[in-house]
Every structure is written in structure tokens, then in C-alpha cells.
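Any value given below was found using the heavy atoms of this structure, including those in side chains, with hydrogens, waters and symmetry copies removed. Ligands are counted one by one from 1 in listed order, and the atoms in each one are counted from 1 as well.
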Amino acid sequence: MSNIGSYDERIKNFSWAIAEQELDYKPGNVINIGWYCSDRICQMGKADKLGLIWEGQGGVEKKYTYNDIRIATNTIGQFLRDLGIKPEDRVCLFMDKIPELYLGFLGILKTGAIAQPLFSAFGDESLFIRLENAQTRAVITQKKHAPKVRKIIEKMPWLEYLIIVDQDPAKPLQQREVALNLEELPKVEKFEIHPTYAESPSVLHYTSGTTGQPKGVKHVHYSLISQYLTSKWVLDLQDDDIYWCTADPGWVTGTSYGIIGAFSNGVTQCVMDSGFSAENWYRFIEKHRITMWYSAPTAIRSLMKAGDEVIKKFDLSCLRHLASVGEPLNSEAVIWSEKVFGKPFLDTYWQTETGSIMISNYPGMKIKPGSMGKPFPGITATVIDADKFEPFGETGKIGLIAIKPGWPSMMRMYWNNEETYKNKFKNGWYLPGDRSSIDNEGYFWFVGRDDDVINTGGHLVSPFEVESALLEHPAVAESAVVAKPDFVNMEVVKAFVTLKPGFVGSKDLDLDIMNFVRKKLSPLAMPQEIEFIDSLPKTRSGKIMRRILHAKEWGEEIGDTSTLEND
Ligand code: WT7
């Protein structure tokens, strides 16, 4: 029996108080995610249950019971407090998917500070922009990533500590650097968790928009209510589940469901910190007897590409329930997964700002492959007219997805950017910035984004950020960045570039520019293709028309070009 039971019944009787009661939370009381994800599970009699099974490169393994997690997060909390980290200070986690990332996240929350996870493959420029915006007080990292912070540390007087979790004791530390070796620190059995309340800030996740710098999405401890309940009802987490969320906590799926949802439900979760290959993933599922698997369309399409033969080498009968998020999950992938795993991947839709699943397919509900499903109980979502910002009043029309504000894990603000935050609301609706239609049975069908942001393999890349980085290359005069179709990643970054006098386009220059962006920003933001052109299409006012270049890549009609300068 699934946790949600009947979707239609849940819709009728829904109240967020259901989750509050299950978590023994009363409005006005203290609520701390760090406590809920460790101490409380221990108090419920699961202290000796495995909470985290971690596997690194070469198959090394580490295992943590809930009591281990409780003590390790206390220890990190105490360490940070001793350094002088105060509630609401921003503490950045800049690490691969190692245990310290998961434990550090909860340790930070226990002190009342704000966890700011950043993807470890970020280059120094991506990092700087986000640390500057958040005025981050400490960065926790590994020695392999520390050089990227050192490179910019002189520009960051607000950053007091660079905390290294795997520092070689024989090596001297530089100014502002401290070592945090979890295995050597005295274990802290009792820690006074900072009394955070519903509206106390918890997590700051950065997400990219079309224009301007990345935005820091501020979440609060009360988000737990949504994350706990959606994990229970959509991911269907049950006591004996072995759960695997493939997302990196540098992105919101890796925290909402890779940390908070999993641990607050007291399940055993597995983390794999080694590269992707179909063989490696299937081996991991077989070895750990994974029952619930939350992944992303790009990974699923990569597995499809690897073929069905490799699947036969493994016993994957342990899989009970599969779900996906991040980009459109095409119907072929749903049908394929049902064929090869005996279970369809259930598509779930949400975003950094919403903090938890908004629209989804549910265990036991009829699945229409290619559809995102229906709003989570307690979520009022519809599709509205892009001019009047009103619901259509009839089904089948394509419009903007609109959600009634007020669920527990809704972002509370874009960090220091109230204006952009306010712009996300129109006529009493929160607008995620996506387009969809709704069919006559209430199922949502995703159409596309309503902006120029590139969704590559489930990760949002701002064309503006890539264009700015390109302009710093000595050969680049102007650039325009658009999405290009790709079977596996759905979209990849493509750059159109005009060169400065004296430079000629060549294979070498092409590679040089790609590497330049990869190092500054990240491998995701690196253009997979660079096309050198003589001039970029612009409006008469000089704005680059990405739309035209985009249409060309996708073989679409170009549409109205009446404002074009060089037509
Ligand atoms: C954007 C949010 C939240 C998890 C990771 C991404 C797109 C997300 C789906 C889906 C089609 C989807 C939307 C959304 N997206 N899920 N099931 N079908 N598109 O978080 O980085 O904030 O990206 O990803 O465009 O707005 P994010």
C-alpha cells in the first residue's frame, strides 16, 4: 500500500497540519531541520538504523547510523560555533558528494546559520559571484577545491574562514584557513541546537535567470513540512526503503530530497560519489538493494542510450518505485522504464524557488506518459493567460503555470533582490516561468520555459552569465548564447561569437574559448559548440536577438523580425 493511498481522497481532506502533527510540530514552537533529520529519528528508536551509506571512487564505503549522524552533525555544529559562526551567517558547502557535505549541511542548520551549497565543479567566477552576493562568512571545502577559493580570497574581505575537511596535518595552513577533520575532532554527544522557528532562514540556493546575476533563493526551517510530506507521499518513502537520490546537493533536489526529505523520514539512503556509467549505476542499485530511486531525465536517457543488454547482467528486482525531476520526461523514457525495470519513472515538477514538488504523478494514480501529473494536495496550480494573468476557464490551452502562494517550502525572498522576487508574482499567483497546458482530466503537460534560460541535463544555465564570461576572452568581441537540441541533455549551450580584429576562427581558438568558460564558470556552462559569425542579429536599439538564433538551432519559424537592425 502506498503512503498517499488515494490521491482524490487526500485532495478532499488536505491540510498541512497533517505533516505538522506527524512531526509533532505545533505552530509557534521551535523547528530545526538539523534536529528533525537526526536527533528526532534517534528518539523514535532508530538510533542504530543506517541513515547514510556512502560509496566513493573505487568502491570505498562509509556507513553512518542515525546516531552517528546525530553526533557528527553536533560535532560540526560545535566546531562552527567555536569559530564564532552565528545564527543567520552564511556558510557555504563547496564539496563533492562526500559524507561531510551531508553532515555539514545539517551541522550548519543546527547552529542556526544558513547553509549555502554550491556545485563543486564551479569555477572561480561562478563561485565569486555567489559568495559576494551572500557575503558568505565561511566556506567548507576539500583540499582539491580550495585553490579555486584561494584564487579569489583577496577580493573577499567578508570571508573569514576557509575550512578544509581533508587537510593533510603535515601541510601548513594559509591565512584564514582552518582544518576540520571530523574523524579526529572530539565527538560532541550533546549540542545545544539553536532554537530556530518556522520563519528562520535555513538554506540559500543559487539559481540562474535570463538576465542579471544568479539569484539566491532563501528558504526557511518550516520548509521541512513540505519536504517531509512530499517525500512520504510522492517518493513514497517507507521504513524499510533503501533510497537513492542521484542529485548533487549543489542543486535543490540534492538538499530537499537528498538530505531533508530522506532523513526526516528516517530511511536509509545511499550516496554514490563516482562517475556516471550505466554499468556503474546498475551495479550500485544491485549491490545496495535500492528500492526507491529518484533521478533525472538526462540520466534516464543516457541509460536508454546504453541499451537494454547491460540491464540483463544485473538483478534489479529490488526496485519498487522510481521518480524523476528537472526537465521534461519524454513519454518514450516512461514507457522504456516500465519495459526494462517493470516500473515507470513518475515525473515530478518543481523548482529551486518552490522548495518541494508542486505537480506530480503519484503511486496508484493513472499515469499518462509525457504528462507531469497533477498538483500535490494542498497546492493550487493552474495555467493562466500570459496577458491578463487569469485562468483560461477551459482546458487544453497553453499558458503560464501559476501557483497560489503560501505552501511551507515556498522561497521567502531572493537574497538582497526584492524587486526580482516581487516580479515573480502576478495577480495573486506565483509564476515559476514555465508554460504548460492542462487536459480535461486535470493533468499538466509541460510545454517549455517562458524565458531564455538553458536547461542542460536538468541544470539551469543563464545565457547572460555565459555571454559575460565569453566577453572576457581576449578574442571575443560579441556573443550570443542559446540552447541547442541534444538527445541526452535535452539542451546544450551553444555560443555565437564575433571576433575582435586580428583574430580568425579556428579549431584551436574554439577549444581555447570553451576551456576558458569551463574554468571560469563550470563544465555545464561551457558551450558545446561555438559558431564564429560576422555579425549578430540585433534590434534597432542594439539588443541581441537570441530568439532568431534559437529558432535557427531548433528549425523553427523565426517569427516577427520587424525590429531587426540588419534584416
Ligand atoms: C526548472 C527548475 C527542482 C528540481 C531541479 C530543477 C524545469 C523541473 C521539470 C519537469 C519539465 C521541469 C522547469 C523549472 N523542470 N522539473 N518535471 N518537467 N521541466 O530545479 O534548477 O530550479 O529548475 O526546471 O523549467 O522551472 P531548478
Report task. Please write down residue, atom name and distance for the protein heavy atom closest to atom 16 (N) of ligand 1. Result ->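 Sorting protein heavy atoms by distance from atom 16 (N) of ligand 1 puts G326 N, 3.2 Å first.
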Query raised in the report: For atom 13 (C) of ligand 1, what's the nearest protein heavy atom and its distance?
Result: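 It is D434 OD2, 3.2 Å.
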Requested in this report: Could you tell me which non-hydrogen atom of F122 sits nearest to which non-hydrogen atom of S522, and how far apart they are?
Outcome: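 That closest heavy-atom pairing would be CD2-CB, 3.8 Å.
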Query raised in the report: Looking only at heavy atoms, what is the nearest atom pair of S436 and M372, with distance?
Result: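 Between these two residues, the closest heavy atoms are OG-CE, 4.3 Å.
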Against heavy atoms of [X], which atoms of ligand 1 measure under 4.0 Å?
{"X": "L460", "answer": "21 (O), 23 (O), 27 (P)"}
{"X": "V325", "answer": "4 (C), 16 (N)"}
{"X": "T348", "answer": "10 (C), 16 (N), 17 (N)"}
{"X": "T253", "answer": "4 (C), 5 (C)"}
{"X": "P328", "answer": "11 (C), 18 (N), 19 (N)"}
{"X": "R449", "answer": "1 (C), 14 (C), 25 (O), 26 (O)"}
{"X": "N455", "answer": "7 (C), 24 (O)"}

Requested in this report: State whether the shortest distance between N or O atoms of D347 and N or O atoms of ligand 1 falls below 3.5 angstrom.
Outcome: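 There is such a contact, yes.
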Requested in this report: Check whether any N or O atom of P432, backbone or side chain, sits under 3.5 Å from an N or O atom of ligand 1, and answer yes or no.
Outcome: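 No, there is no polar N/O contact under 3.5 Å.
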**Report entry** Winner among E327, M490, H459 once heavy atoms are compared against atom 10 (C) of ligand 1
**Finding:**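 The residue whose heavy atom sits nearest atom 10 (C) of ligand 1 is E327.
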**Report entry** Option from I290, I53, V271, T291 for which side-chain contact (heavy atoms from CB on, under 4.5 Å) with W244 holds
**Finding:**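 Result: among I290, I53, V271, T291, I290 is the only option passing the side-chain contact (heavy atoms from CB on, under 4.5 Å) with W244.
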Answer with side chain, backbone, both or neither: which part of [X] has a heavy atom less than 4.0 angstrom from an atom of ligand 1?
{"X": "L329", "result": "neither"}
{"X": "F446", "result": "side chain"}
{"X": "M372", "result": "side chain"}
{"X": "T352", "result": "both"}
{"X": "Q351", "result": "both"}

Requested in this report: Let me know which of Y294, Y243, F263, Y228 forms a ring-ring contact (aromatic ring centres under 6.0 Å, His included) with Y257.
Outcome: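 Output: one option passes, namely Y294.
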**Report entry** Steps toward side chain to side chain contact (heavy atoms under 4.5 Å, CB included) verdict (D385, F392)
**Finding:** CA-CA 6 Å; D385 181 304; F392 287 118; 3.7 Å; yes
Less than 4.5 Å apart, any side-chain heavy atom of [X] and any of [Y]?
{"X": "M411", "Y": "Y421", "answer": "yes"}
{"X": "Q238", "Y": "M292", "answer": "no"}
{"X": "E353", "Y": "P432", "answer": "no"}
{"X": "S324", "Y": "P297", "answer": "yes"}

Query raised in the report: Would you call E22 and K232 a salt bridge, using N to O less than 4.0 angstrom?
Result: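 Looking at E22 and K232, the cut-off is met.
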Query raised in the report: Are the aromatic rings of F341 and W293 close, with centres under 6.0 Å apart?
Result: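 Close enough - the centres of the two rings lie under 6.0 Å apart.
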